[in-house]
There are 2 protein chains.
Amino acid sequence: MPHTHPLNQEVTLSVIKTACSNCNLRELCLPFGLSLEELEKLDDLVSTRRRIKRGDHLYRAGEAFDAIYAIRSGFFKTDVLLEDGRDQVTGFQMAGELLGLDGISTEHHTCNAIALEDSEICAIPFSRLEGLSREIHTLQHHFHKVMSREIVRDHGVMMLLGTMRAEERLAAFLLNLSQRFTARGFSHAEFYLRMTREEIGSYLGLKLETVSRAFSRFQEEGHIAVQQKHIRILNVNGLKALMNHRA
Amino acid sequence: MPHTHPLNQEVTLSVIKTACSNCNLRELCLPFGLSLEELEKLDDLVSTRRRIKRGDHLYRAGEAFDAIYAIRSGFFKTDVLLEDGRDQVTGFQMAGELLGLDGISTEHHTCNAIALEDSEICAIPFSRLEGLSREIHTLQHHFHKVMSREIVRDHGVMMLLGTMRAEERLAAFLLNLSQRFTARGFSHAEFYLRMTREEIGSYLGLKLETVSRAFSRFQEEGHIAVQQKHIRILNVNGLKALMNHRA
DNA sequence: ATTTTCGGTTGACATGGATCAAGCGAACGC
DNA sequence: GCGTTCGCTTGATCCATGTCAACCGAAAAT
């Protein structure tokens, strides 16, 4: 039962042979630290790449879980929907990051993963990953680190939501994006936001108007230049100072 | 009340031989689903139990990580301290739950774990756990589920902090505690809070005054009876209704 | 037993961010 | 190319929660 997915259109869903061993994200992604020989075993496992168009779901809350996904290119958000209609964005994910870890617990996905731009993902059948990580110690350990890192990241968001004010949250958000873009070889000072003000607000526990106002304020004060989704960071230290503003 | 705790240890840190195989928490804890034979192997690994007195740290942020901890009895909080002095409680943990998963990522603990009452923990050397879980498929899978569950839990807290108002947060908190006490065989309707209003507030992103007022309000409306740390839930459905109050 | 400290409650007031509302430019469908 | 929609900005006002302060009882210290 390698990979049965309910979607039927071959337009949005094309399957391509891919290989971790020549993926330039391998040092950011699951293959980190593996030997060539080990990489080849991982290649067997990560055999399907899929394209997800902007706006499409990679998976939905409630669906059966059988694979985790590595983002090969593109940009995603995950969100959780409450019965009463409220929802919250729980994260934004970019190339090299893993999606779907939340599904291991109940064997069902607990959130929706939606592409914010046309993207490509590698599907990693989870039980085969467990099998391989029983064989390859390095892979096992790295996978544990990735899961743990997700927990630490979540604690950071809790911190942000629990103790920071609007401008601090947004400053932290921008600095975090900047740092992740840098790690992927992009400019640390200039990038396009893939998400709307409303999605940023949802993630940060703020309303879109508040996000917009904070952007404007940052611009007035010369910390950044904003034009719609185009962001230039003019004063990193200014933003950092904003973050640690209060005692 | 079913809950009594041993108050008079003369040593804060004593080491006792223990065994998962006759621990009554085994179905809530790491041993879940293991055969007798497998349990014995786990026993070899989980060889040290430690007492932690109320107020003492199990570990501190920054310390080297080499083990995770299962709570055998007692109650803990974890908190994160920011450079500027702000801190936030990131969780409350009770018997059968694991502490320290955040440390795997960087090999250093990223938060403080503090006992809220005299407690006993089992130390589980992490590299040996990885070793054993390469051998025992069931253990490996269960451990992955536990980590994933932690991620899901954190998403729930993010939801709470990002979208809920004060009374909704507190209602969710009480229902969550009640449910976890129930799972451990205690009353679902009556329990003692181990933490202060300030700690609850920190966890829920509220000030202690707001927590106190919400408790009073719940009492006025007949949902609960509060007297200091003693809580009785009089109307579970009332609390549930409070949680889904807004669209 | 007395004093001190700590945690909790309650009231009065302040404020950051939500809400409501209007308008505008960019992107998109036709 | 034109109209519609969507995302964004900005202003005015409101309100939930924070802040400040007083007080109280329980527990701890002396």
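All values below come from the heavy atoms of this structure, side chains included, with hydrogens, waters and symmetry mates left out. Numbers restart at 1 for each chain; the letters A, B, ... are given by sequence-line order, proteins then strands.
- Checking each of A:Arg54, A:Lys53, A:Arg194 against A:Glu117 for a side chain to side chain donor-acceptor pair (under 3.5 Å) leaves exactly one that passes, namely A:Arg194.
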Scan nucleotides 6-8 of chain C against the protein and return all N/O pairs shorter than 3.5 Å with their distances rounded to 0.1 Å.
unit_1	atom_1	unit_2	atom_2	d
C:dG8	OP2	B:Arg197	N	2.7

Original post:
Nucleotide by nucleotide, 5' to 3', does protein get under 4.0 Å of the base (B), only the sugar-phosphate (S), or neither (-) in nucleotides 11-16 of chain D, counting heavy atoms?
Top reply: BB---S
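- Remark: B:His223 pairs with no residue by the ring-ring contact (aromatic ring centres under 6.0 Å, His included) rule, at least two apart or across chains.
- Between the CD atom of A:Glu168 and the C1' atom of C:dG16 there is a distance of 12 Å, rounded to whole Å.
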**OP:** Determine, step by step, whether B:Arg213 and B:Glu220 satisfy the salt bridge (Lys or Arg N to Asp or Glu O under 4.0 Å) criterion, reporting the C-alpha distance in whole Å, the side-chain angles of both residues, the deciding distance to 0.1 Å, and the verdict.
**Re:** CA-CA 10 Å; B:Arg213 276 186 246 269; B:Glu220 278 166 36; over 6 Å; no
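- For the side chain to side chain donor-acceptor pair (under 3.5 Å) test, residues two or more places apart in sequence or in another chain that qualify with B:Glu83 are A:Asn244.
- With rounding to whole Å, B:Arg86 atom CZ is found 15 Å from D:dG18 atom C1'.
- Straight-line distance from the CG atom of A:Leu206 to the P atom of C:dT19: 11 Å, rounded to whole Å.
- If you measure from atom CG of A:Leu170 to atom P of D:dC8, you get 13 Å, rounded to the nearest angstrom.
- Position along DNA chain C of the nearest nucleotide to A:Val211 versus A:Gln227 favours A:Val211 as the more 5'-ward residue.
- Taking the side chain to side chain donor-acceptor pair (under 3.5 Å) definition, one finds that A:Asp154 meets it with nothing, sequence neighbours left out.
- Here B:Thr78 pairs with B:Thr90, B:Gln93 under the side chain to side chain donor-acceptor pair (under 3.5 Å) rule; sequence neighbours left out.
- No contact: B:Gly201 has no heavy atom under 4.0 Å from any strand.
- When the ring-ring contact (aromatic ring centres under 6.0 Å, His included) test is applied to A:Phe186, no partner is found at least two apart in sequence or on another chain.
- In this structure, B:Arg217 does not reach the C:dT9 phosphate: none of its side-chain N or O atoms is under 4.0 Å from OP1 or OP2.
- Across the helix from C:dA1-D:dT30 to C:dC30-D:dG1, the helix axis at one end is tilted relative to the axis at the other end by 50° (nearest 10 degrees, each axis from five pairs).
- Looking only at atom types and distance, the side chain of B:Glu120 has a donor-acceptor partner in the side chain of B:Ser73 under 3.5 Å away.
- Among the heavy atoms of the strands lying under 4.0 Å from A:Arg54 are primed sugar atoms or P, OP1, OP2 only; no base atom is included.
- Distance, A:Tyr192 OH to D:dC8 P: 14 Å, rounded to whole Å.
- Under the salt bridge (charged side-chain N to carboxylate O under 4.0 Å, His left out) criterion, the residue pairs touching residues 94-105 of chain B are B:Glu97-B:Arg180, B:Glu97-B:Arg184, with sequence neighbours excluded.
- Under the rule for a ring-ring contact (aromatic ring centres under 6.0 Å, His included), B:Phe75 has no partner lying at least two apart in sequence or in another chain.
- Residues satisfying the side chain to side chain donor-acceptor pair (under 3.5 Å) test with A:Glu167, not counting sequence neighbours, are A:Arg217.
- Taking atom CD1 on A:Ile231 and atom C1' on D:dC8, their separation rounds to 12 Å, with Å as the unit.
- Under the side-chain contact (heavy atoms from CB on, under 4.5 Å) criterion, A:Gln228 pairs with no residue, sequence neighbours left out.
- Taking atom CD1 of residue B:Ile224 and atom C1' of nucleotide C:dT9, one finds them 14 Å apart after rounding to whole Å.
- One can place CD of A:Glu199 at 13 Å from C1' of D:dC8, the figure rounded to the nearest angstrom.
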